[in-house]
Amino acid sequence: MKQVTRDNRAWFQEWANEYDNTLGKVKRHHALLDLVVQLSGIKSNDQVLDIGCGTGLLSLKFLNKTDCTITAIDSSARMLKIFKEKIEKCNLAAKIHCAQKSAEDMDFTSNQFDIIAATVALHHVKLKEPVIQNIYDYLRDGGRFVIGEIDMDTTGKPDDPQRLVRILNYLTKEFALAMKEGGIPAFERMYDNGKKHILNDGEYCIGFSQWAELCRNAGFKNVEVSPVKEFEWFKVLVATK
Ligand SMILES: C[S@@+](CC[C@H](N)C(=O)[O-])C[C@H]1O[C@@H](n2cnc3c(N)ncnc32)[C@H](O)[C@@H]1O
């Protein structure tokens with residue numbers, strides 16, 4: 001079977017206008033973001049990097065929790081446009097700096113951040129190892145890397161029936177939530193997303209044992225994984241430098 005390798009930027013440009021009204025309406029997504037903020041242990045004056053910030057849902061939750069400074073990057077100009085409108089509306093320009101940049105092209109300096117976080121973003125990166133190595137480098141000693149993701153291993157042959165069942169078991173829960181909480185538009189987006197996961201078309205999910213191994217290989221000392229309460233197929237990993 002031929003692997004699909006389309007650039008995922010176009011997809012996110014299209015999704016941007018609906019994002020807050022589809023995934024942004026699903027309670028599970030907010031439960032994930034809240035757990036990321038809680039487990040990050042963020043303190044006042046921390047410097048935070050939000051990778052794949054989208055429309056800023058996570059960054060705004062960090063700022064709601066405490067007075068920190070955020071650098072937020074995303075590869076989609078349209079997602080950032082929506083986030084920038086929120087920043088302007090809430091008068092937060094002194095607290096959040098946004099830039100259009102892909103995780104693969106980050107060029108920050110060593111020991112720059114106290115917290116580096118990414119929610120449902122890093123699974124879009126195909127080659128994760130160098131990105132996680134850079135994240136380790138950009139964190140100060142004692143700094144924390146926090147990932148919130150679906151715990152779903154989509155590696156393997158795309159047409160392997162066992163792989164399909166494994167992926168569909170997870171996706172079914174997401175489809176049901178999307179339909180219940182975000183209605184037909186959210187379901188349609190999630191369903192399209194599901195196909196992309198099955199085809200590894202811009203979505204390259206791995207399980208949390210694989211994320212943990214990548215972090216340990218990059219040099220992180222303590223790596224802890226916690227499930228999101230009531231939505232256990234999503235998890236949060238905290239890795240400390
Ligand atoms: C599902 S959204 C998550 C947005 C936000 N983190 C949240 O939790 O609401 C995924 C985001 O990752 C961005 N993205 C996808 N691939 C990326 C990459 N390689 N580098 C940076 N951002 C990326 C997309 O443009 C999109 O805004």
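Starting from 1, each residue takes its place in the sequence as its number.
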[X]: which residues meet the side chain to side chain donor-acceptor pair (under 3.5 Å) condition with it, sequence neighbours left out?
X	value
Arg163	Asn200
Asp107	Lys101
Lys95	Asp67
Thr172	none

Roughly how far apart are [X] [atom1] and [Y] [atom2], rounded to 0.5 Å?
X	Y	atom1	atom2	result
Leu49	Thr69	CG	OG1	12.5 Å
Leu58	Thr119	CG	OG1	4.5 Å
Asn111	Gln47	CG	CD	13.0 Å
Glu203	Lys196	CD	NZ	5.5 Å

Phe187: which residues meet the side chain to side chain contact (heavy atoms under 4.5 Å, CB included) condition with it, sequence neighbours left out? Phe175, Met179, Tyr191
Check this for me: does any side-chain nitrogen of one of Arg28 and Glu174 sit under 4.0 Å from a carboxylate oxygen of the other? yes
Around atom NE2 of His97, are there more than 12 heavy atoms from other residues, nucleotides or ligands closer than 6.0 Å? no
Tell me, yes or no, whether the heavy-atom count around Lys65 atom NZ, taken from other residues, nucleotides or ligands under 6.0 Å, exceeds 12. no
Tell me, which pairs form a side chain to side chain donor-acceptor pair (under 3.5 Å) where one or both residues lie in residues 214-227, sequence neighbours left out? none
Pairs satisfying side chain to side chain donor-acceptor pair (under 3.5 Å), at least one member in residues 131-148, at least two apart: Ser110-Asp137, Asp114-Arg140
Please examine the side chains of [Y] and [X], heavy atoms only from C-beta on, and report whether any two atoms are closer than 4.5 Å.
X	Y	answer
Val225	Trp211	no
Asn169	Trp233	no
Leu127	Glu104	no
Ile51	Ile116	yes

Minimum heavy-atom separation for [X] and [Y], please, with both atom names.
X	Y	result
Leu214	Ile206	CD1-CD1, 3.7 Å
Cys205	His197	SG-CE1, 3.4 Å
Ile70	Ser59	CD1-O, 3.3 Å
Ala103	Val131	O-CG2, 4.0 Å
Gly194	Leu171	CA-CD1, 3.6 Å
Tyr204	Thr154	C-OG1, 4.0 Å

Identify every side-chain donor-acceptor pair in residues 82-93 under 3.5 Å, counting partners at least two apart or on other chains, and give the distances.
from  : atom 1 : to    : atom 2 : distance (Å)
Glu85 : OE2    : Lys81 : NZ     : 3.3
Lys86 : NZ     : Asp20 : OD2    : 2.7
Lys86 : NZ     : Thr55 : O      : 2.9

Table please: side-chain donor-acceptor pairs of residues 36-45 below 3.5 Å, with sequence neighbours left out.
from  : atom 1 : to    : atom 2 : distance (Å)
Ser40 : OG     : Val37 : O      : 2.7
Ser40 : OG     : Ile42 : N      : 3.2

State which residues pass ring-ring contact (aromatic ring centres under 6.0 Å, His included) with Tyr170; sequence neighbours excluded, sorted by chain then number. none
Expected list for residues 145-152: side-chain donor-acceptor pairs under 3.5 angstrom, two or more places apart:
from   : atom 1 : to     : atom 2 : distance (Å)
Glu149 : OE1    : His123 : ND1    : 2.7
Glu149 : OE2    : Ala121 : N      : 3.3
Glu149 : OE2    : Leu122 : N      : 3.3
Glu149 : OE2    : His123 : N      : 3.2
Glu149 : OE2    : His123 : ND1    : 3.2
Asp151 : OD1    : Phe208 : N      : 2.8
Asp151 : OD2    : Lys235 : NZ     : 2.8

Using only atom types and a distance under 3.5 Å, with no angle test, would you say the side chain of [X] pairs donor to acceptor with the backbone of [Y]?
X	Y	value
Asp160	Gln162	yes
Asp74	Gly54	yes
Glu181	Lys27	yes

Linking I/L/V/M/F/W/Y whenever their side-chain heavy atoms sit closer than 4.5 Å, directly or via other members, would Ile73 and Leu80 fall into one cluster? no
Do Leu177 and Ile184 sit in the same hydrophobic cluster, where Ile, Leu, Val, Met, Phe, Trp and Tyr count as joined when their side-chain heavy atoms come under 4.5 Å apart? yes
Please assess Phe108 against Thr71 for the test side-chain contact (heavy atoms from CB on, under 4.5 Å), listing each intermediate value before the final yes or no. CA-CA 10 Å; Phe108 298 105; Thr71 302; 3.9 Å; yes
With sequence neighbours left out, which residue pairs that include part of residues 50-61 fulfil the salt bridge (charged side-chain N to carboxylate O under 4.0 Å, His left out) condition? Asp34-Lys61
